[in-house]
K.L.:
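Below you will find the structure I want to go over with you.
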Amino acid sequence: MTTEDKSGTPQPADISLANRYGRPKRGLSAKTKRRAGIAALAAGIGFMAWVSTSSATSSVTFKDIGYSTVDATQAEVDFQVTREPGTAVKCAIKALDSKFAVVGWKVIDIPPVQPESQQDQGADGGRTTAQRAVLRTESLSVSGVVDSCWIPDAAKDAAQ
């Protein structure tokens with residue numbers, strides 16, 4: 001008795017694919033699409049609000065102006081700091097040798113500009129100030145740069 005081999009008979013394409021890969025998934029319902037759209041819109045509005053308010057908070061920027069090497073034990077770094085006039089700032093300055101190794105490091109305090117003296121501070125009301133930092137170095141430096149500037153935490157500085 002012989003039986004006919006059923007595996008060799010062609011089946012309709014939709015049935016054979018369903019057997020191999022499973023049934024096709026249902027699409028998202030209109031309610032789910034609406035909720036996803038509302039969530040994406042809320043996330044977009046939240047992101048835009050964060051971007052617009054983060055730039056409004058007081059920030060500190062700096063620009064290297066120049067440096068000079070006095071001798072093998074001393075370097076001077078000239079730079080500008082831009083911040084809100086009533087804000088104190090700290091900046092880390094470093095001197096580098098020819099192999100970019102740090103040979104001098106100093107953190108300097110830049111006091112806030114007093115409101116009554118802002119009229120004498122130029123067109124930007126004292127936001128930008130020029131600074132010169134003198135650093136002691138371990139060996140001859142070939143470069144001096146500002147590493148970073150930040151607004152110090154008043155509570156942390158009072159504890160020191």
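In this text the structure is predicted, and so the values were computed from the model without any measurement.
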K.L.:
Check whether Thr82 reaches the backbone of Arg127 with its side chain - one donor and one acceptor, N or O, closer than 3.5 Å.
P.N.:
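Checking the backbone N and O of Arg127 against the side chain of Thr82, no donor-acceptor pair under 3.5 Å is found.
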K.L.:
Is there a path of hydrophobic side-chain contacts, each under 4.5 Å between heavy atoms of I/L/V/M/F/W/Y residues, joining Phe47 to Ile45?
P.N.:
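In one cluster: no.
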K.L.:
Enumerate the residue pairs fulfilling salt bridge (charged side-chain N to carboxylate O under 4.0 Å, His left out) with a member in residues 65-76, sequence neighbours excluded, ordered by first and then second residue.
P.N.:
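Output for this query lists Glu76-Arg132.
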K.L.:
Can you confirm whether Gln80 sits close enough to Gln131 that some side-chain heavy atom of one is under 4.5 Å from a side-chain heavy atom of the other?
P.N.:
no
K.L.:
Would you sort out whether Leu96 and Tyr67 count as a side chain to side chain contact (heavy atoms under 4.5 Å, CB included), showing the intermediate values?
P.N.:
CA-CA 11 Å; Leu96 306 172; Tyr67 74 94; over 6 Å; no
K.L.:
Indicate the atoms forming the closest heavy-atom contact of Ala88 with Pro152, along with that distance.
P.N.:
O-CD, 3.2 Å
K.L.:
Would you list the pairs meeting side-chain hydrogen bond (donor to acceptor under 3.5 Å, both in side chains) in which at least one residue belongs to residues 27-41, sequence neighbours left out?
P.N.:
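Of all non-adjacent pairs touching residues 27-41, those that pass side-chain hydrogen bond (donor to acceptor under 3.5 Å, both in side chains) are Ser29-Thr32.
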K.L.:
So, for Ser148 and Phe62, which heavy atoms are closest and what is the spacing to 0.1 Å?
P.N.:
CA-CE2, 3.9 Å
K.L.:
Quick one: pull up CZ in Arg136 and CD in Gln74 and give me the separation to the nearest 0.5 Å.
P.N.:
9.0 Å
K.L.:
Going from OG on Ser98 to CG on Leu140, what distance comes out if it is rounded to the nearest 0.5 angstrom?
P.N.:
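That separation rounds to 8.5 Å.
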K.L.:
With side chain to side chain contact (heavy atoms under 4.5 Å, CB included) as the criterion, how do Phe79 and Ile93 come out once you've worked through the C-alpha distance, each side chain's angles and the decisive distance to 0.1 Å?
P.N.:
CA-CA 10 Å; Phe79 61 99; Ile93 316 299; 3.6 Å; yes
K.L.:
Begin from the C-alpha positions of Val60 and Val81 and carry the test side chain to side chain contact (heavy atoms under 4.5 Å, CB included) through to its verdict.
P.N.:
CA-CA 7 Å; Val60 179; Val81 177; 3.9 Å; yes
K.L.:
Applying side chain to side chain contact (heavy atoms under 4.5 Å, CB included), run through Ile110 and Arg83 and close with a yes or a no.
P.N.:
CA-CA 10 Å; Ile110 302 170; Arg83 42 75 164 118; 3.5 Å; yes
K.L.:
Just wondering, do Lys90 and Cys149 contact through their side chains at under 4.5 Å, heavy atoms?
P.N.:
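No; the side chains remain at least 4.5 Å from each other.
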K.L.:
For residues 138-152, which residue pairs qualify under salt bridge (charged side-chain N to carboxylate O under 4.0 Å, His left out), counting only residues two or more places apart or in two chains?
P.N.:
Lys94-Asp147
K.L.:
Quick check: does any side chain N or O of Asp64 sit under 3.5 Å from a backbone N or O of Val146, one acting as donor and the other as acceptor?
P.N.:
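Judged by distance alone, yes, a pair lies under 3.5 Å.
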K.L.:
Could you check whether any side-chain N or O of Thr69 sits under 3.5 Å from a backbone N or O of Val142, counting only pairs where one atom can act as donor and the other as acceptor?
P.N.:
no
K.L.:
Given the rule that I, L, V, M, F, W and Y join up when any side-chain heavy atoms are under 4.5 Å apart, are Val103 and Ile108 in one cluster?
P.N.:
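No, it is not one cluster - the side chains of Val103 and Ile108 are not joined through contacts under 4.5 Å.
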K.L.:
Locate the shortest heavy-atom distance separating Gly144 from Val77; write the atom from each residue and the value.
P.N.:
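Nearest pair, atom of Gly144 first, then Val77: CA-CG2, 3.7 Å.
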K.L.:
Can you give me the closest heavy-atom contact between Ala75 and Ser141, atom names plus distance?
P.N.:
CB-OG, 3.4 Å
